[in-house]
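Chain letters run A, B, ... following the sequence lines, proteins first and then strands; every chain starts at 1.
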Amino acid sequence: MTETRREQFQALRGMRDILPPESARRRELTQQFITHCERAGYQEVVPPLLEDLGVFLRVGEATDVVTKEMYDFVDKDQTRIALRPEMTAGVMRAFVQHRPVLPWKVWYAGTNFRHERPQKGRYRMFDQLGVEALGVDDADLDVEIIAMASRFFASLGLRQVTLLINSLGEHEDREQYTEAVRLYLLAHQYELSEASQATLERNPLRVLDSKRSEDQQIIADAPLVADYLSEDSANHYARVLAGLDSLGVSYTEDPRLVRGLDYYRRTTFEFAADALDSAQNAIGGGGRYDGLAEAMGGPATDGVGFALGVDRILLACDAEGVFATEPTTLDVFVIDTVSGDAARDITHQLRAAGISADRRFGGGSMKSQMKSADRSGARFALIIGEDELAAHAVTLRPMLGHQADGEQRRVARADLLFELTRYSSQTVTNQINPHPADSASADPTNSGTLT
RNA sequence: GUGGCCGUAGCUCAGCCCGGUUAGAGCGCCAGGUUGUGGUCCUGGAAGUCGGGGGUUCGAGUCCCCUCGGUCACCCCA
């Protein structure tokens, strides 16, 4: 008789459930992103969630993302594998493995894992949208993808997004510059914050990213990468900027922009949402990674790409009050105050005909069923009571007050489908969850009349 | 990973400083407001191991410790 208390589980730290209506909003966001990508000739690539640990080590031995934050473990066959902390490494591995025809322009939408201390806009499991374009050295490609991301943000309604851009130069340029920065910082080592001194030893460039106030003055006087760019790099960068100018994409040059993943060469950029706090205002970032394919054991191949953070984009949308969740809609909500037989059958038949329909289970009064209909967001309540049953008819009640929907009326069951499709051809559609309302895909035996 | 703040009904929160009868509110949910009709209004109702564990005390939501989770800053990055 003693009831043992069961432990209540909750989602793992840094991981959360995405419930309706937020789930629909995310899907819509992804949908819009895909539209932009495919319009520009990018196709989807779906790499595995798990890779050999080496795949990730190859792209960033010195980065926190792979050294400290990776979910890596020994598999049952003793191989060391990891949940991907980002998508580029896996896409590059796939590229090298399959050697697709160049140029290879792909987009992805996927989940990544990073074992960090969670915070708002920073979760251990998070989704990224991104593109990778391989096999093209042309600066215009940099422009293409930056413009694409920029347009995507704009299409969501975001206005306060700043594009920060910089060039880190070719491999050698970057090496020389890094050394210059290292020497400079070393000279001012004891003026730096303790944390930055530690960073200096591991990765001098990253010190330029420090947000600590005591570092700011020193950072401000650090050498500029622009002085270390080769002629080719400088030209490439100039053409990128010119291209952005030509397309009307505004940007801010940020000579301190280095970015966390170490594989970037030449162009690097970041999208900052000014409506968000600085801790999570990076809603996207990317750049060129011309040496990556080689590092992965493939042929030398140029590449550019970016990754956008779904959660942060949504956060930015919230902050700007745009891209609101669309209320869910339904064509018809079926109310049956008799036996429930009619609700069961008619709902099924409507769906077969491509009309979205729902109902309430377990009966209930007319009033309570109407409430459910209201809550469902349905355009019409379809009412079946004793009278309708006897008359082989239904009552159609418009719920949303659209003029085109007319007044409440009695419709013969034989005419119901015709009556409803008249409206569905106008605007009875569900924006979030579009259903194919074409009768071609509907069950032919049900496409005529409802009985 | 380091430090600060927070954790009470499904949600937003009051109560905690100054321990003491059945822990409250709004929203939401459910049911009614006579004959079959939602969105407004009125009435009633259900719903809380006061994040979890331990301690102090005659007595703890209220005090102490630990722990889990969230959040903010750093770090890092999307």
Given side chain to side chain contact (heavy atoms under 4.5 Å, CB included), test L350(A) with L417(A) step by step and report yes or no.
-> CA-CA 8 Å; L350(A) 288 175; L417(A) 209 53; 4.2 Å; yes

Quick one: label G364(A) by what it contacts on the DNA or RNA (base, sugar-phosphate, nothing), any heavy atom closer than 4.0 Å.
-> nothing

Base, sugar-phosphate alone, or nothing: which one does F333(A) contact when heavy atoms must sit under 4.0 Å apart?
-> nothing

Got a sec: does the CD of Q217(A) have more than 12 other heavy atoms crowding it under 6.0 Å?
-> no

Euclidean distance, atom CD of residue Q369(A) to atom P of C30(B) [Å, nearest integer] | 12 Å

Are OP1 or OP2 of C75(B) and a side-chain N or O of R122(A) less than 4.0 angstrom apart?
-> no

Touch class at under 4.0 angstrom, heavy-atom based, for K68(A) against every strand present = nothing

K120(A) near the nucleic acid: base, sugar-phosphate alone, or nothing, with a heavy-atom cut-off under 4.0 Å?
-> sugar-phosphate

Closest nucleotide among C76(B), G38(B), A78(B) to the R397(A) side chain | G38(B)

Strand partner of U21(B), provided both Watson-Crick or wobble distances fall under 3.5 Å = none

Rounded distance in Å - CD (E116(A)) to P (G70(B)) | 13 Å

Check every strand shown and say whether S193(A) touches a base, only sugar-phosphate, or nothing at a heavy-atom separation below 4.0 Å.
-> nothing

Send over the distance from E386(A) CD to U37(B) C1', rounded to a whole Å.
-> 16 Å

Measure from CG on D215(A) to P on C75(B) and round the result to the nearest Å.
-> 8 Å

From U37(B), G3(B), G69(B), pick the nucleotide closest to the side chain of R117(A)?
-> G3(B)

Taking D311(A) as the fixed residue, which of K120(A), R16(A), R122(A) is the one that meets the salt bridge (Lys or Arg N to Asp or Glu O under 4.0 Å) rule?
-> R16(A)

If you look at every strand shown and take non-hydrogen atoms under 4.0 Å, does R360(A) touch a base, only sugar-phosphate, or nothing?
-> sugar-phosphate

So what does E69(A) touch, heavy atoms closer than 4.0 Å: a base, only the sugar-phosphate, or nothing?
-> sugar-phosphate

Would you mind telling me which of C77(B), C75(B), U37(B) lies closest to the side-chain atoms of Q119(A)?
-> C75(B)

So what does D277(A) hit on the nucleic acid, given a heavy-atom distance under 4.0 Å: a base, only sugar-phosphate, or nothing?
-> sugar-phosphate

With a 3.5 Å cut-off and just heavy-atom distances, do the side chain of R375(A) and the base of G39(B) make a donor-acceptor pair?
-> no

Remember a base hit wins even if backbone is also touched, and classify I383(A) as base, sugar-phosphate or nothing at under 4.0 Å, heavy atoms.
-> base

R80(A) CZ: over 12 foreign heavy atoms closer than 6.0 Å | no

Does any N or O donor sit under 3.5 Å from an N or O acceptor when you compare the side chain of Q10(A) with the base of G52(B)?
-> no

L29(A) atom CG is separated from A78(B) atom P, nearest whole Å, by 17 Å

What is the nucleic acid contact for S372(A), judged by heavy atoms within less than 4.0 Å: base, sugar-phosphate only, or nothing?
-> nothing

For atom NZ of K371(A) and atom P of C30(B), their distance in whole Å = 7 Å

Between Y123(A) (OH) and U71(B) (C1'), how many Å, whole number?
-> 10 Å

Rounded interatomic separation in angstrom, taking CE from M370(A) and C1' from C30(B) = 18 Å

Taking atom types as modelled, is there a side-chain donor on R359(A) or T347(A) under 3.5 Å from an acceptor on the other?
-> no

